[in-house]
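Okay, structure first, notes after.
Here the structure is a predicted model, which is why all the values come from computation and not from measurement. These values consider heavy atoms only, across backbone and side chains, with no hydrogens, waters or symmetry-generated copies.
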Amino acid sequence: MKTFEVLLTRSYIIKIDAKDETEALRNVEFFIGGEKDLSNEKERANRAFRINNIEMTVNEAVESYERSESPGR
């Protein structure tokens, strides 16, 4: 079997309730992992935010590189 490294680009539209734009940007960057909200109830309460929706808008494999297999494989 061959080994490849693939560069994958994904973009999302996130709908978030937050006290201001700065906090919305910070919380989205910190708590979004793929199409998942990684925050818990305590973090949402402490930081006063709620992620309502995550929608993927772009999912594109941009480049790939075949890699040499290591010895013994």
Counterpart residues, side-chain contact (heavy atoms from CB on, under 4.5 Å), relative to L7 (two or more places apart): V62, E63
Over all atoms of both residues, closest heavy-atom pair of T57 and Y12: OG1-N, 4.0 Å
Heavy atoms of other groups near E66 CD, more than 12 under 6.0 Å: yes
Members besides I13 in its Ile/Leu/Val/Met/Phe/Trp/Tyr cluster (side-chain heavy atoms under 4.5 Å): none
CD on E60 to OG on S11, rounded to 0.5 Å: 9.5 Å
Kindly list each side-chain donor-acceptor pair under 3.5 angstrom involving residues 29-39, sequence neighbours excluded, with atom names and distances?
| unit_1 | atom_1 | unit_2 | atom_2 | d |
| --- | --- | --- | --- | --- |
| D37 | OD1 | S39 | N | 2.9 |
| D37 | OD1 | S39 | OG | 2.5 |
| D37 | OD2 | S39 | OG | 3.3 |
| S39 | OG | R44 | NH1 | 2.9 |

Salt bridge (charged side-chain N to carboxylate O under 4.0 Å, His left out) partners for E23, two or more places apart: R26
Contacts of R10 that satisfy salt bridge (charged side-chain N to carboxylate O under 4.0 Å, His left out) - sequence neighbours left out: none
ILVMFWY clustering at 4.5 Å (side-chain atoms), partners of V6: F4
Distance (rounded to the nearest 0.5 Å) between L25 CG and D20 CG: 9.0 Å
Sequence-distant partners of E5, salt bridge (charged side-chain N to carboxylate O under 4.0 Å, His left out), two or more places apart: R67
Contacts of type side-chain hydrogen bond (donor to acceptor under 3.5 Å, both in side chains), residue E41, not counting sequence neighbours: none
Remaining members of hydrophobic cluster (4.5 Å side-chain criterion), L8: none
Partners meeting side-chain hydrogen bond (donor to acceptor under 3.5 Å, both in side chains) with N52 (sequence neighbours left out): D17, R50
Audit row: N40, E43, side-chain contact (heavy atoms from CB on, under 4.5 Å) steps and yes/no: CA-CA 5 Å; N40 60 42; E43 292 164 328; 3.4 Å; yes
Rounded distance (nearest 0.5 Å) linking atom CD1 of I16 with atom CG of N53: 12.0 Å
